[in-house]
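Notes to accompany the following structure.
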Number of protein chains: 2
Amino acid sequence: MASLTRLIEQHIQELLKTTTEESVFLSRKDLSEHFGCVPSQINYVIRSRFTPERGYIVESQRGGHGYIRVIRLCLDMPEDRANHIDELIGDTVNEQETRRILANLQHRQLITTRERLLIEVATRFQEEIGSSLLDLSPYKRDSLHAGLLKRLLRSLVLG
Amino acid sequence: MASLTRLIEQHIQELLKTTTEESVFLSRKDLSEHFGCVPSQINYVIRSRFTPERGYIVESQRGGHGYIRVIRLCLDMPEDRANHIDELIGDTVNEQETRRILANLQHRQLITTRERLLIEVATRFQEEIGSSLLDLSPYKRDSLHAGLLKRLLRSLVLG
DNA sequence: ACATCATTGACGAATATTGACCATAACCCT
DNA sequence: AGGGTTATGGTCAATATTCGTCAATGATGT
């Protein structure tokens, strides 16, 4: 039951919890030796577990003194808030509903003005491409819209 | 964890911070002696760390009384920042370039970690839709990618 | 059985460090 | 002024050290 991937994932999360910094620097080589696996296993763990969608940002550098840096956004992830977001958005949303939702989140100080701006620009861009360049149906567009919005908000508000 | 290149980089950045001028004059010879390395190591640090992309311009002169001058780009005007962004991105970008650009902008405190996360999630979503659902060519995807990234960053930087 | 997730290893790409050799500017001496 | 000397900085290629990608294979769950 204790898969290697899960062990390594937990190890990294433990490191994130115990540090006061917002990130940890890992050595792929050392980690792989510590867990007795091939180095590319570490890449697999990072790619599958520490994604932006889950609230992590990863930087790395090759060569001498290379590293893999994992940055965490949130420590806690309240489950009810995820459901709340899903309920709020549903399967489809239009631009008007989006603006209402964002205004509400901003009013409750869950997102900043700049973050709200980013989300509006991103959804509008997708809307624009979807309608003019790709000629998608209105339903399809609102569905994509909902998908993007959910993913953006989940990545931020949750971990 | 102690990389010579990073030490030298930090030293120069410290000098830039503590001066009231917009630039510092360095002596390649003195610097290399101070850090106990070959002189060409300094060139490597300059070439890899103090690039226009990172907001620096470098002048130098050989011969007696030679020097290396590092100038910090001034991006006080929103218009200048927007142009800088456009130059960074160009007409097409892939995911790797995007990550570099975002890491750089965050390091220069032009965006926050949360904003960076939002941008990564948005571009990844578009990438996912563009490749799997819509089967766009790689060039087309990179071009759309650049379009979205420019718009997101410009919206932030013009504020 | 099929689909998804996990593991492995061969090969490739990026970064750091060093040193030999090249180029240029100031200074000094006729 | 001219030309040699000295003092700088620049370039490039070789080498070492990391990390990334991709495709094949194995394991696990439905």
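On a predicted model such as this, the values are computed, not experimentally measured, just so you know. All chains are named by letter (A, B, ...) in the order of the sequence lines, taking the proteins before the strands, and each is independently numbered beginning at 1.
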Test of understanding: with ring-ring contact (aromatic ring centres under 6.0 Å, His included), list the residues that count as partners of A:Phe125, not counting sequence neighbours. none
Using a 4.0 Å heavy-atom cut-off across all strands, classify B:Gly64 as base, sugar-phosphate, or nothing. base
Which parts of residues 54-61 of chain B get close to DNA chain D, meaning a heavy atom less than 4.0 angstrom away? B:Ser60, B:Gln61
Which hydrophobic side chains are connected to B:Leu7, either touching it within the sub-4.5 Å cutoff or through other members that do? B:Leu4, B:Ile8, B:Ile12, B:Leu15, B:Leu16, B:Val24, B:Leu26, B:Leu31, B:Phe35, B:Ile42, B:Val45, B:Ile46, B:Phe50, B:Tyr56, B:Val58, B:Ile68, B:Val70
Out of curiosity, B:Arg154 CZ to B:Leu152 CG, how far, rounded to the nearest 0.5 Å? 10.5 Å
The criterion is side-chain contact (heavy atoms from CB on, under 4.5 Å); which residues satisfy it with A:Gln96, sequence neighbours excluded? A:Asn94, A:Arg100
What string of B, S and - do you get for nucleotides 4-13 of chain C, 5' to 3', when a contact is any protein heavy atom under 4.0 Å? -SBBBB--BB
Measure from CG on B:Asn94 to C1' on D:dT21 and round the result to the nearest Å. 14 Å
Using whole Å, report how far CD1 of A:Ile42 lies from C1' of D:dT21. 16 Å
Given D:dA16, is OP1 or OP2 found less than 4.0 Å from the side-chain N or O atoms of A:His65? no
Applying side-chain hydrogen bond (donor to acceptor under 3.5 Å, both in side chains) to B:Thr113 and not counting sequence neighbours gives B:Gln106
Pairing residues for B:Arg99 by the side-chain hydrogen bond (donor to acceptor under 3.5 Å, both in side chains) criterion, not counting sequence neighbours: none
Say you draw a straight line from CG of B:Asp142 to CD of B:Glu95; how long is it, rounded to the nearest 0.5 Å? 9.0 Å
B:Phe35 CZ to C:dT18 P, straight-line distance once rounded to whole Å: 13 Å
Once you round it to whole Å, what is the distance between P of D:dG20 and CZ of B:Arg100? 13 Å
Output all residues satisfying side-chain contact (heavy atoms from CB on, under 4.5 Å) with B:Ile85, sequence neighbours left out; order by chain, then residue number. B:Ile89, B:Leu105, B:Leu153, B:Val157
Can you measure A:Asn43 atom CG to D:dT18 atom C1' for me and round it to whole angstrom units? 11 Å
What is the nucleic acid contact for B:Ile68, judged by heavy atoms within less than 4.0 Å: base, sugar-phosphate only, or nothing? sugar-phosphate
Rounded to whole angstroms, how far apart are OH on B:Tyr67 and C1' on C:dA26? 13 Å
Examine D:dT21: is either OP1 or OP2 under 4.0 Å from a nitrogen or oxygen in the side chain of A:Arg28? Give yes or no. no
If I take atom CG in residue B:Leu31 and atom C1' in nucleotide D:dG10, what distance separates them, rounded to the nearest angstrom? 16 Å
Going by the rule side-chain contact (heavy atoms from CB on, under 4.5 Å), which residues pair with A:Ser137 if we only count those two or more places apart in sequence or in a different chain? A:Tyr139, A:Lys140
